[in-house]
Amino acid sequence: MKQTKSYLSKTVDELRPSGIRRFFDLAAGIEGVISLGVGEPDFVTSWSVREAAILSLEQGYTSYTANAGLMDLREEISAYMEKNFQAPYSAKSEIIVTVGASQALDIALRAILDPGDEVIVVEPCFVSYGPLVTLAGGKGVTVQAEKENDFKVRANDIEKAITNRTKAIMICSPNNPTGSMLNREELEEIANIAKKYDLIILSDEIYAELSYDEKYVSLAAIEGMKERTILISGFSKGFAMTGWRLGFVCAPEEITQAMLKIHQYAMMCAPTMAQYAALEALKNGREDVEEMKKSYRRRRNYFVQSLNEIGLDCHIPGGAFYAFPSIKRTGLSSEQFAERLLLEEKVAVVPGDVFGASGEGHIRCSYASSMEQLQEAVKRMKRFIDKL
Ligand code: PLP
């Protein structure tokens with residue numbers, strides 16, 4: 001028999017494992033750690049949503065749904081997108097319910113890419129983007145969003161990276177890991193580039209519900225963009241439903257039908273009970289979302305101000321639940337800082353470089369932790385910096 005490793009796909013073998021995982025594993029072995037490392041809400045899903053899933057089981061709804069998802073749910077998503085984001089999509093032909101936004105990203109990329117096609121990936125970004133482009137046979141071309149511009153990408157930096165192989169641009173606002181949110185003018189500038197070069201934009205809007213200072217603008221609501229946007233969203237973040245694995249993707253009909261082919265063969269449908277839960281979340285869950293949002297906003301204000309006070313320069317993140325302070329003045333790399341902070345003060349954060357080159361010199365801290373934990377974390381971080 002050949003060596004087991006030799007059976008692996010070369011592409012998969014060469015993928016780097018997620019840099020976040022290493023820190024989880026390291027933190028797991030240490031007692032008393034305050035974790036600001038995880039990218040998920042600290043709320044349990046609303047009771048009425050959990051109850052709807054239980055009820056669906058009691059009623060025996062345990063079989064597959066339509067491939068694209070329950071029609072009732074798609075209709076509810078359609079109404080939700082139109083009412084809240086001015087992005088009207090047809091429940092029949094332009095929406096697919098997916099296994100998290102993660103699967104939506106995967107089928108979107110696989111539906112549009114041929115080998116060698118280039119996708120512009122704006123960094124710092126969610127760790128999956130680059131690997132998913134590679135797995136779909138494409139080539140990721142990175143463009144850095146810079147600290148000097150509060151980590152908002154400049155449209156002309158995107159333009160400089162366009163070649164005749166470019167097919168799509170991936171953006172995420174509010175952003176993981178920086179929390180930065182693009183306003184209407186900034187989105188319009190990127191939209192104009194997409195129109196000028198006839199490109200598609202994959203717009204990851206999973207944090208759309210969590211915008212704190214300005215009204216959220218969906219890319220699909222910008223004039224002339226709906227027809228060249230693949231909009232990715234879901235229930236994990238705003239509705240505190242990470243474990244339910246439920247997301248959705250909205251796109252023009254031809255792209256949706258192409259994604260549906262992949263979804264049909266590779267997944268069949270999203271989990272049925274989670275779909276019933278999501279239906280309830282959309283029908284009656286918005287008040288709870290507003291409450292959670294208020295709570296994140298309070299914590300953001302406290303935490304970001306505290307980081308600046310202890311000497312870690314941090315822009316005010318407009319959305320999501322991440323702060324992305326600079327640690328450059330400590331002279332440590334982000335990896336060294338995160339590792340030493342964990343070992344010496346038992347605070348887990350994620351080194352910024354795992355999200356892309358321009359993340360180096362920064363750390364990602366999730367403030368979706370209790371106020372007490374945030375206060376204690378700030379105390380420990382201050383002690384750590386003072387000691388350096
Ligand atoms: N997109 C971004 C920007 C994220 O931060 C995450 C999760 O952290 C996802 C997508 C995946 O979300 P889901 O849980 O819906 O798969």
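Just follow the structure's listing: the first ligand is 1, and inside any ligand the first atom is 1. Start at 1 with the first residue, then count along the sequence.
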Can you name the residues that form a side-chain hydrogen bond (donor to acceptor under 3.5 Å, both in side chains) with K293, not counting sequence neighbours?
none
Backbone of A91 reached by a side-chain donor or acceptor of E94 within 3.5 Å
no
Is NZ or CZ of K328 both nearer than 6.0 Å to the six-membered ring centre of F337 and within 45° of the ring axis?
no
Given F43 and D288, is the side-chain contact (heavy atoms from CB on, under 4.5 Å) satisfied, shown in steps?
CA-CA 10 Å; F43 293 101; D288 287 348; over 6 Å; no
Where do Y216 and Y207 land on the ring pair (Phe, Tyr, Trp, His ring centres under 6.0 Å) test, with the steps shown first?
CA-CA 10 Å; Y216 181 77; Y207 294 100; over 10 Å; no
Is it the case that the ring center of F355 lies less than 6.0 angstrom away from the ring center of H362?
no
For ligand 1, list all ligand N or O to protein N or O distances below 3.5 Å, rounded to 0.1 Å.
| unit_1 | atom_1 | unit_2 | atom_2 | d |
| --- | --- | --- | --- | --- |
| ligand 1 | 1 (N) | D204 | OD2 | 2.6 |
| ligand 1 | 5 (O) | N176 | ND2 | 2.7 |
| ligand 1 | 5 (O) | Y207 | OH | 2.8 |
| ligand 1 | 8 (O) | K237 | NZ | 2.6 |
| ligand 1 | 14 (O) | S236 | OG | 2.7 |
| ligand 1 | 14 (O) | R245 | NH1 | 2.8 |
| ligand 1 | 15 (O) | A101 | N | 2.7 |
| ligand 1 | 15 (O) | S236 | OG | 3.1 |
| ligand 1 | 16 (O) | A101 | N | 3.2 |
| ligand 1 | 16 (O) | S102 | N | 3.0 |
| ligand 1 | 16 (O) | S102 | OG | 2.5 |
| ligand 1 | 16 (O) | R245 | NH2 | 2.7 |

